S.K.: 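I'd like to ask some things about the structure below.
These numbers were taken from a predicted model, which means no experiment stands behind them. Both counts, for ligands and for their atoms, begin at 1 and track the order of listing. All residue numbers in this chain count up from 1 along the given sequence.
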Amino acid sequence: MTTLRDLPLDESLASGSLLCAGCGGVLLTRIFEKVLGPKTVTVNAAGCMSMLSVFPFTPFRSSWFYVAMASAPAAAQGIRDALDILLKKGRVAKEDDLKVVVVTGDGAAADIGLQATSGAIHRKLDFYYLVYDNEGYSNTGFQASSSSPYGASTKTTAPTALLPEGTLLDKKDLFEIWKAHRPPYIATISPAYIADMMHKIEKASRFAGPKLFIAHSPCPPGWDVGSDLVIRLSKMAVETGVWPLKEAIDGQVTHSLFMKKRRPVEEYLKMQGRFEHLFSPARQESVIQAIQAKVDDYWKNVTK
Ligand SMILES: Cc1ncc(C[n+]2csc(CCOP(=O)(O)OP(=O)(O)O)c2C)c(N)n1
Ligand code: SF4
Ligand SMILES: [Mg+2]
């Protein structure tokens, strides 16, 4: 019998999942795994990506470890420590060593798992940390997370007559939170810029210690966007300046793409139903301008 494990990685991740067509998170996870190669152990915090492996099937070529939302970095520490002990005792050969990779959603990364993450970075744990940032609790019906952007409608911030704007809270800046811990490598990535992503993974692999990747990850049902528009939307996020592509090596930030001229953020917002209330039935000019101002404010100090 052919199982998903027998299929090449590409086919199995595309065909085997219970996940939605066009899921940005799946695309990112697939490429990430592919670039890192089979000698990895993936530690998966509860969320949509944990639906990829449903016993007895798994699309992963390598080991996969499912863990509670709050605890992925702690589990990664245990696995890294176990591998190091086995290597030291000669029970695992150096060439059989595994890269430890946390795959997590933004809810786990920015909310309930932040404490465990902070501890792991502080201890200089040698691991990769991939956040597929779909800006909400997608797996449970798209409630707001602290990574949901200002003005967005989610299950828990749906516009009402009293609060027509959607959420008025700003997206938590996970990049800066990580940077304050001084890890060797941090980057943002996008499914519309795969070469940039591959280049960054390769670069990160030269460093021992915590390595963060925050990925723009459109969620077609949560963001109310067509599955066929996901890559175009991710490109628009970069071209409007909403999603800066950057990296920080030992705290020094550089942008991989610096645009002299950015598109208006409105072009990005209008592609998604989660921002529809900003344009219909009446245009909420002050909210749209506030979103544009936040993006302009970010870029005004960027020189490299
Ligand atoms: C402590 C705890 N609370 C709630 C849940 C239910 N739960 C499972 S997945 C999930 C959403 C996680 O959001 P995120 O990390 O952003 O991943 P996504 O669902 O977006 O893939 C929730 C709330 C849980 N597993 N554990
Ligand atoms: S709900 Fe969103 S994040 Fe979850 S599988 Fe579907 S598209 Fe992906
Ligand atoms: Mg999420």
S.K.: Please determine if Gly136 has a nitrogen or oxygen closer than 3.5 Å to a nitrogen or oxygen of ligand 1.
M.R.: yes

S.K.: Cation-pi check, Lys294 to Tyr150: give yes when NZ or CZ is under 6.0 Å from the six-membered ring centre and within 45° of the ring axis, no otherwise.
M.R.: yes

S.K.: Does one side chain, of Ser146 or Asp111, offer a donor that lies under 3.5 Å from an acceptor on the other?
M.R.: yes

S.K.: Establish, from distance only, whether the side-chain atoms of Lys200 and Ser256 form a donor-acceptor pair under 3.5 Å.
M.R.: yes

S.K.: At under 4.0 Å between heavy atoms, is it the side chain or the backbone of Pro221 that contacts ligand 2, or both, or neither?
M.R.: side chain

S.K.: Between Trp223 and His216, what is the ring plane arrangement, given parallel below 30°, perpendicular above 60°, and tilted in between?
M.R.: perpendicular

S.K.: Side chain or backbone of Asp106 under 4.0 Å from ligand 1, or both, or neither, by non-hydrogen atoms?
M.R.: both

S.K.: For atom 2 (Fe) of ligand 2, which protein heavy atom lies nearest, and how many Å away is it?
M.R.: Cys219 SG, 2.3 Å

S.K.: Under 4.0 Å, heavy atoms only, figure out whether ligand 1 is touched by the backbone of Ile112, its side chain, both or neither.
M.R.: side chain

S.K.: Out of curiosity, does Met271 fall in the hydrophobic cluster containing Val295 (side-chain heavy atoms, cut-off under 4.5 Å, transitive links)?
M.R.: yes

S.K.: For Tyr137 and ligand 1, does the shortest N/O to N/O distance drop below 3.5 Å?
M.R.: no

S.K.: Give the atoms of ligand 1, by number and element, whose distance to some non-hydrogen atom of Gly47 is under 4.0 Å.
M.R.: 9 (S), 17 (O), 19 (O), 21 (O)

S.K.: To which protein heavy atom is atom 16 (O) of ligand 1 closest, and what is the distance rounded to 0.1 Å?
M.R.: Gly107 N, 2.8 Å

S.K.: So is Asn134 polar-close to ligand 1, meaning N/O to N/O under 3.5 Å?
M.R.: yes

S.K.: For Ser138, is at least one N or O under 3.5 Å away from an N or O on ligand 1?
M.R.: yes

S.K.: Under 2.8 Å from atom 4 (Fe) of ligand 2, is there an N/O/S atom belonging to Cys23?
M.R.: no

S.K.: For atom 6 (Fe) of ligand 2, what's the nearest protein heavy-atom neighbour? Residue, atom name and distance, please.
M.R.: Cys20 SG, 2.3 Å

S.K.: Considering non-hydrogen atoms of the protein only, which is the closest contact for atom 7 (S) of ligand 2, and what is the distance?
M.R.: Pro220 CD, 3.3 Å

S.K.: Decide yes or no for Pro149 and Phe275: does some side-chain heavy atom of the first lie under 4.5 Å from some side-chain heavy atom of the second?
M.R.: yes

S.K.: Does Phe60 reach the side chain of Ser53, with side-chain heavy atoms less than 4.5 Å apart?
M.R.: yes

S.K.: Restricting to N, O or S atoms, which atom of Asp106 is closest to the Mg ion (ligand 3)?
M.R.: OD1

S.K.: I'd like to check which ligand 1 atoms, numbered from 1 as shown, lie under 4.0 Å from a non-hydrogen atom of Tyr132.
M.R.: 17 (O), 18 (P), 21 (O)

S.K.: Between Trp178 and Tyr129, does the ring centroid distance fall short of 6.0 Å?
M.R.: yes

S.K.: In the protein, which heavy atom is nearest to atom 4 (Fe) of ligand 2, and how far is it?
M.R.: Cys48 SG, 2.3 Å

S.K.: Do His181 and Ser118 have a side chain donor and acceptor closer than 3.5 Å?
M.R.: yes

S.K.: Which residue supplies the protein heavy atom nearest to atom 25 (N) of ligand 1, what is that atom called, and how far is it?
M.R.: Ala46 CB, 3.9 Å

S.K.: Is the contact between Asn139 and ligand 1 made by the side chain, the backbone, both, or neither, using heavy atoms and a 4.0 Å cut-off?
M.R.: both

S.K.: One pair to check against side chain to side chain contact (heavy atoms under 4.5 Å, CB included): Tyr268 and Trp243. What are the steps and the verdict?
M.R.: CA-CA 11 Å; Tyr268 173 68; Trp243 193 266; over 6 Å; no

S.K.: For Cys48, counting its heavy atoms only, list the atoms of ligand 1 lying under 4.0 Å from any of them.
M.R.: 18 (P), 19 (O), 21 (O)

S.K.: Just need the protein heavy atom nearest to atom 15 (O) of ligand 1, so name the residue and atom and give the distance.
M.R.: Ala108 N, 2.9 Å

S.K.: Please lay out, stage by stage, how Phe127 and Arg80 fare under the test side chain to side chain contact (heavy atoms under 4.5 Å, CB included).
M.R.: CA-CA 8 Å; Phe127 75 140; Arg80 186 63 263 159; over 6 Å; no

S.K.: To the nearest 0.1 Å, how far is atom 3 (S) of ligand 2 from its closest protein heavy atom, and which atom is that?
M.R.: Asn134 ND2, 3.3 Å

S.K.: Report the nearest protein non-hydrogen atom to atom 8 (C) of ligand 1: residue, atom name, distance rounded to 0.1 Å.
M.R.: Thr140 CG2, 4.1 Å

S.K.: Any N/O of Met69 closer than 3.5 Å to an N/O of ligand 1?
M.R.: no

S.K.: Is the closest side-chain heavy-atom distance between Met69 and Tyr137 below 4.5 Å?
M.R.: yes

